[in-house]
Each structure stands twice: as C-alpha cells, then as structure tokens.
Trainee: 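Starting off with a structure, shown below.
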Amino acid sequence: MVSLLRNQKVRNALLQVLYVGSLAALVLAGIVIARRNLADQGITSGFDFLYKSTGWDVNFSLLPATANDPYWWFFLIGIINTLFLGTIGLMLATLVGTIVGLARTSSNELAQLLGRTYVDIFRNIPLILQVFFWYALITHLPTPRAAHEAFGMLLTSRGLYIPFPNVGGVALALAILAVIAAIALPVWLGRTSRLSQPFGERSAIQLIGAAAALACAVLILIIGRLPDEPFIDFPALQGLNLRGGLRIPPEFSALAIAIAIYGGSYIAEIVRGGFKAVGKGQMEAALSLGLSPWRVFTLVRLPLALRAMLPILANQYVWLMKATTMGIAVGFTDFFMIVALTINHSGQTLEAIGILMAGFLAINLSLAAIFNRINKAIALKGNQLRG
Amino acid sequence: MTSTSSKPGGPAVHIENLDKYYGTFHALRKVSLSVERSERIVVCGPSGSGKSTMIRCINRLEQHNGGKITVLGTELNDDVANIDGIRREVGMVFQHFNLFPHMTVLENLTIAPVIVRKVARAEAEATARRYLEKVRIPEQAMKFPGQLSGGQQQRVAIARALCMQPQIMLFDEPTSALDPEMISEVLDVMVTLASEGMTMICVTHEMGFARRVADRVIFMDGGEIVEEAPPEEFFTASRNERTRQFLSQVLGH
Ligand SMILES: Nc1ncnc2c1ncn2[C@@H]1O[C@H](COP(=O)(O)OP(=O)(O)OP(=O)(O)O)[C@@H](O)[C@H]1O
Ligand SMILES: [Mg+2]
C-alpha cells in the first residue's frame, strides 16, 4: 500500500480524483442550497420561464422584437447584438491597431511618437471610462433640428442617421452574405491558386473574385428593393424628428468607438510585436533578389508578421468580445444586459447566469476554434531557424 | 571550362576608398578593391573586421558613407534605378540562408524571376528545377524550407540567387552555420559554380576552398584590407604579422 502511494503515476491520479471530487461536491452543495433558498422565497427554479413573454422591450435589435416575445427570443437577440457589436468593434479595433502598430514600427520618428503616445494614453484609461466619455460626447451632439450633415448622413444627439437601401429583409441578409464572401473569396482563391498561378496573376484573380462578389451584393439589393419606394432612403427632418435612413443609436456608437480605440491600443502592440518578430535576414534576402520594398512588404514581411501575431490576436479578440458586456453601462441591450434585465424581472438568477456563461463560452470557444484552424492552416512547415 | 564572357566595360566590381560608419564607429576605412569578371575572390579576416560590411555595400544592403562603388559599370548611388539594376545582377547567399519559410522551395526560387525579371511562370519553374538539379536536390521542390537540413537549405538559397541569372555572386560565410558533414555539399556546389566562370566574392574561413578556387585572397582587419595575394603566396609566404597570426588560428597550429 505504502509502496503504491510512492508510485508517481498513482499519486498523480489520486490527486486528480481528489481535486475533481471536491470540486464536484462543492458545486453540488451550492446547487442544493440555492434550490432550497429559492423554494423558500417562492421562486421555482428551472428553465420554464424561457417560454414566458418578457413584458419589457429592448432598445436595439436586429431581429423583430416586442414585449410579448418570450425570454428565449430575447436571449437570442442579446447574443446577436453582442456578436454584432463585437464584430464591428473588433474590425474597427483591428483597423486602428494596424495603423497605430505600423506607425510604431515605421522609421519616421514623428509617427513613432504619435503611435507610442496613443498606446500609452488609451491602454491606461479603463474601458468603462472611455465608454462613458464617448457616450457623453455623442449625447451632447446637437438635436435633430440642428444636425450635422455630411454625405447624406446626419449626426445628432439621438444617433447617427445614414442613408440605407430600401430593401426586404431576405435580400439584405443575402447581400450581407455576399459581402462576407467578397472578403473570404480572395483569401480562399489565394490559397487554392498559390501553386498554379504566377504571383502577379494571383492577385488579379483575387481582385476579380472580390469584385464579382461585391457586384452580386449590389445586384441582390437592386432585385430585392421594395416597390414604390426610392432605392436609397435618405434620412430627413419631419417635424421635430428625423425619419428614414438607418439610425445607429448613441449607445451602440459609443461602445463601438470605445472598443475600437481601447482595443486598437492593445492590437497596435500585437501588430508591432508581429513585425518585430520577422527576421531581418528574410527581408534582406528579398531585397538582394531585386524585389521592391513594397513587394518585400507584401510578399515577405506582412505574411510572416501575420503568422507571428495571429495566436496573440486571437486571445485579444476573445478578450474584447467579453468587453461588449460594458453595454449595460450605457443601456445597450447586449447579451449581458438582457441577462441582467431577466434577473430583475423574472428572478431566475441562477438559470440566467448559467445561460450567460454558456453563451459566452460558446462564442469564445468558437472564436478560438476558428483562429486555431487559421493558425494551423498557415503555420510554417518544419523547424524554423531564428536568424 | 572557364567561359570568359568578358564583355567590354571594365571590372565587375570596382571599389574605391570606401568608408562606412555605424554611428561614430568607423567600420570600413578607405577600402579599395577591383574584381574582374569571372574572378574568384575569397575574403577572410577576424570577426568584426568588416568583411560582411564590405560585401553588403556591394548590393546596397548597407549604405556607404564615402568613396565610390561601381558594379558592372553602374555607379551605386542614391539613384533607385541603379540600385535595382545592380541587385538584379548581383546574387547573395547569407550565413543563415534566409529562405522564405512560408513559401515552398519552388516558390522561393521563382518569386524573384517572375516578379522582377517578368519571366513567364512555366519558364521560371523550368529554370528553378534545372538549378535544383544542379545543387543536387531536385526532389525537394515542393517542400518548405523548414523541412530541409541546413545544407539543403543553403543549397536552395544558392539556387534561389542563381535563378535570377546574376553575373556576380556574393557569399557571406555560407558554411559557418552548418554542421561539419554538410559543409562539403555546399562547397562542392560553389566549386562547380566557380569552374563555370561565375564572378564570385566569398567571405569564408574555408581555407581549403580558398586554395582550390580563389584567384586572390583578401585579408581584412580593423576595417582595412591588410593584404591581398594569390592563395599560394597568401598561405605560404605572407610577411604580414597579422595575417600570419590569423592563419595560424584558422589553420589550427
Ligand atoms: N548594424 C550595425 N550597427 C552598428 N555596428 C555594426 C553594425 N553592423 C556591423 N557593425 C560593426 O561593424 C564592424 C564590422 O562588422 P562586420 O559584420 O562587417 O564584421 P565581419 O568581419 O563580417 O565579422 P564576422 O566574421 O563576425 O561576421 C563590427 O565591429 C561590428 O560590430
Ligand atoms: Mg560577417
């Protein structure tokens, strides 16, 4: 017996069992206690409430929503809102981060200084303060009657109004898919044609693919336009209010801007690190072959830098996705806020929090899985020599 | 078979009073060197003596601060067209191979001919395969650099430079990152290249190679060319104290 305990494998297994066992016991005890307490207060636990109508409304939804809709529908709306805000925020943050990161790696000293200042400032102000700042700024914009106007867009304290095509929901969804295809197609074409096509023609094929998909999107919109309405709906003042166009509410804008600027400062550092990780040797070899600085950048430096930054970028994305929960601070009905409202109105705290955790787990695990796949697909083959 | 395709137009590389500073550090001091077409030069000298700096100035990986460099009749100055033109005609092989790890061997070999020389893809690939044959690794064309041994990678790097059909080849310690058993496979390729009349400037401490192929051996120390002589004379009859000291170290007495 004693000798068995000295065995390293047996010991490790035993420790594992003890650990998992005590954890399970803890969770189980928690559930039992919670159920008894809830029962004492007359709250029935379980997920039946999901089918009850909420009796309250959301202020932002991409899907149709009324107070008569059941809780599960609202959870879905919350998840879609979170994904929507997250996607827009991450794309903007990536854009900002790329620009600032490139400025930091450039040889121009002014650009370096600006980049460093940006990162130092926005990385060190808590995200929630930045959200409040942008929200306050936007809600102090002029009223609809005194709106700032540019390119048919109207900027007011009630939100940003942008011209929007008058099309049916299905056509809109299809058009969005076509735009996504326009982004994905060049990547896919680049991969499949890499061994059969010259480098110059490869980018031409990619360009044609993207243009075709975009043309498809426009075509879908034109076919799906609503009859008897102008194709593009311009926002305009009617009485005291603005009509027409698409309204982007201040809550959403404030969050998207804050995530873009705050996230951008972190992504800038990742971009900088990625470029620093590219060996000088590869770039010198490319130059010595007579490739122009631009070609060296697009064919050697950027592809290698991307490979270096992608794993860290994936972490950052997962982390920024969770930052969408700041929505509650300004009243944007993201997933977290829907859960909070649910708890308030239905009292189903444990269930709602369970759904919240499961939802975020699913979102972030999918995000991680997608990035893992990309990482694997573009990973450098074989052993790498750091020169 | 030494094909002396010496077209009119003077030496392949002509360096005159070259000065190079890194900040305040004077790395090259009034270096002068003239290399004829089809000439094979071996450059040696202690670490930090400026060997790499000198040959990197020849294709403008380093910018010189004084003096004049003329390559194949074109002066190397701030004119981008001159730099591009010279880089097209001058191939370089590095100590750490510097292959593009995200491209297959074949892509490594064809990318510059296709983009810079505007050679048709099929033709570039045929050329690439011919050079892979020549460096004796035709079967590795579809592999990635990370999947090859050091010696194989360096031979790919040589083939990559040759695919641009350069008139001059620069080697910066091509064998010093290699395990001993791989050195000879790379040197063999270089010897073949020399026998075909390629103009070569090789920074190397492989004295056997220098004896076999060099027309002249250049010894550098402290940013200066201290001695230059044909190999026989250099190895047996050098009267320079620093040269003799260096030789006794690398030849291991
Ligand atoms: N980028 C640089 N910045 C500052 N100093 C440099 C730089 N590159 C080289 N030097 C210095 O210039 C001198 C010559 O360097 P170089 O690399 O040409 O020597 P080398 O003869 O090739 O030596 P090795 O045999 O070690 O490769 C060295 O003292 C080195 O420290
Ligand atoms: Mg060196």
Side-chain angles (χ1 to χ4, degrees), chain A residues 107 187 190-206 274-275 277-311 374-387, chain B residues 55-56 58-62 80 83-104 106-125 141-150 153 157 160-161 163-164 166 170 172 177:
Chain A
S107 51
V187 178
R191 287 198 64 73
T192 52
S193 68
R194 77 176 288 181
L195 295 178
S196 58
Q197 297 297 327
F199 301 91
E201 283 169 37
R202 202 199 291 173
S203 46
I205 291 173
Q206 287 170 305
F275 277 102
V278 179
K280 248 181 86 186
Q282 272 80 27
M283 291 189 281
E284 285 180 348
L287 283 175
S288 78
L289 286 167
L291 291 164
S292 66
W294 170 247
R295 291 294 200 173
V296 175
F297 181 81
T298 56
L299 295 172
V300 178
R301 197 159 173 232
L302 185 64
L304 291 177
L306 270 179
R307 284 170 172 82
M309 52 182 130
L310 218 55
I374 299 177
N375 269 331
K376 260 210 201 101
I378 65 170
L380 298 177
K381 309 272 187 311
N383 302 320
Q384 300 310 316
L385 179 114
R386 283 266 131 228
Chain B
I55 71 163
R56 287 160 58 86
I58 296 173
N59 65 354
R60 197 88 167 176
L61 288 182
E62 301 289 352
V80 181
I83 298 173
D84 287 347
I86 287 170
R87 281 183 180 159
R88 270 199 290 275
E89 302 300 332
V90 178
M92 186 159 191
V93 175
F94 301 83
Q95 181 175 1
H96 295 288
F97 332 138
N98 298 350
L99 294 173
F100 309 130
H102 58 305
M103 300 180 191
T104 61
L106 202 60
E107 286 176 308
N108 266 279
L109 265 56
T110 52
I111 186 163
V114 167
I115 288 179
V116 180
R117 284 227 189 269
K118 312 266 184 259
V119 177
R121 174 75 171 201
E123 193 188 328
E125 279 187 4
M142 299 319 273
K143 284 201 186 161
F144 286 85
Q147 299 167 320
L148 305 181
S149 75
Q153 288 190 51
R160 175 176 69 178
C163 278
M164 279 294 283
L170 308 174
D172 192 358

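A, B, ... follow the sequence lines: proteins, then strands. Residue 1 opens every chain.
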Trainee: Compare all side-chain heavy atoms of Leu291(A) with those of Ile115(B) and state whether any distance is below 4.5 angstrom.
Mentor: yes
Trainee: With side-chain contact (heavy atoms from CB on, under 4.5 Å) as the test, would you mind laying out the steps for Leu61(B) and Leu287(A) before giving the verdict?
Mentor: CA-CA 8 Å; Leu61(B) 288 182; Leu287(A) 283 175; 4.2 Å; yes
Trainee: Closest approach of Arg87(B) and Gly290(A), non-hydrogen atoms and distance?
Mentor: CB-CA, 3.9 Å
Trainee: Can you see which heavy atom on Phe100(B) is nearest to which on Gln282(A), and at what distance?
Mentor: CE2-O, 3.3 Å
Trainee: With only heavy atoms counted, which part of Leu148(B) is less than 4.5 Å from chain A, the side chain, the backbone, both or neither?
Mentor: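 Neither the backbone nor the side chain of Leu148(B) comes within 4.5 Å of chain A.
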Trainee: Pick one of side chain, backbone, both or neither for Arg56(B), based on which atoms fall under 4.5 Å of a heavy atom in chain A.
Mentor: side chain
Trainee: Of the backbone (N, CA, C, O) and the side chain (C-beta and beyond), which part of Ala286(A) lies under 4.5 Å from a heavy atom of chain B, both, or neither?
Mentor: both
Trainee: Once you round to the nearest 0.5 Å, how far does OG of Ser288(A) lie from CE of Met164(B)?
Mentor: 9.0 Å
Trainee: Could you tell me whether a side-chain N or O of His102(B) sits under 3.5 Å from a main-chain N or O of Leu299(A), the two making a donor and an acceptor?
Mentor: yes
Trainee: Is the closest side-chain heavy-atom distance between Pro303(A) and Met103(B) below 4.5 Å?
Mentor: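 No. Closest side-chain heavy atoms not under 4.5 Å.
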Trainee: Can you see which heavy atom on Ala161(B) is nearest to which on Leu289(A), and at what distance?
Mentor: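 So the minimum-distance heavy-atom pair works out to CA-CD2, 4.3 Å.
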Trainee: Against chain B, label Leu304(A) side chain, backbone, both or neither, depending on which of its atoms sit under 4.5 Å from a heavy atom there.
Mentor: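 Contact with chain B is through the side chain of Leu304(A) alone.
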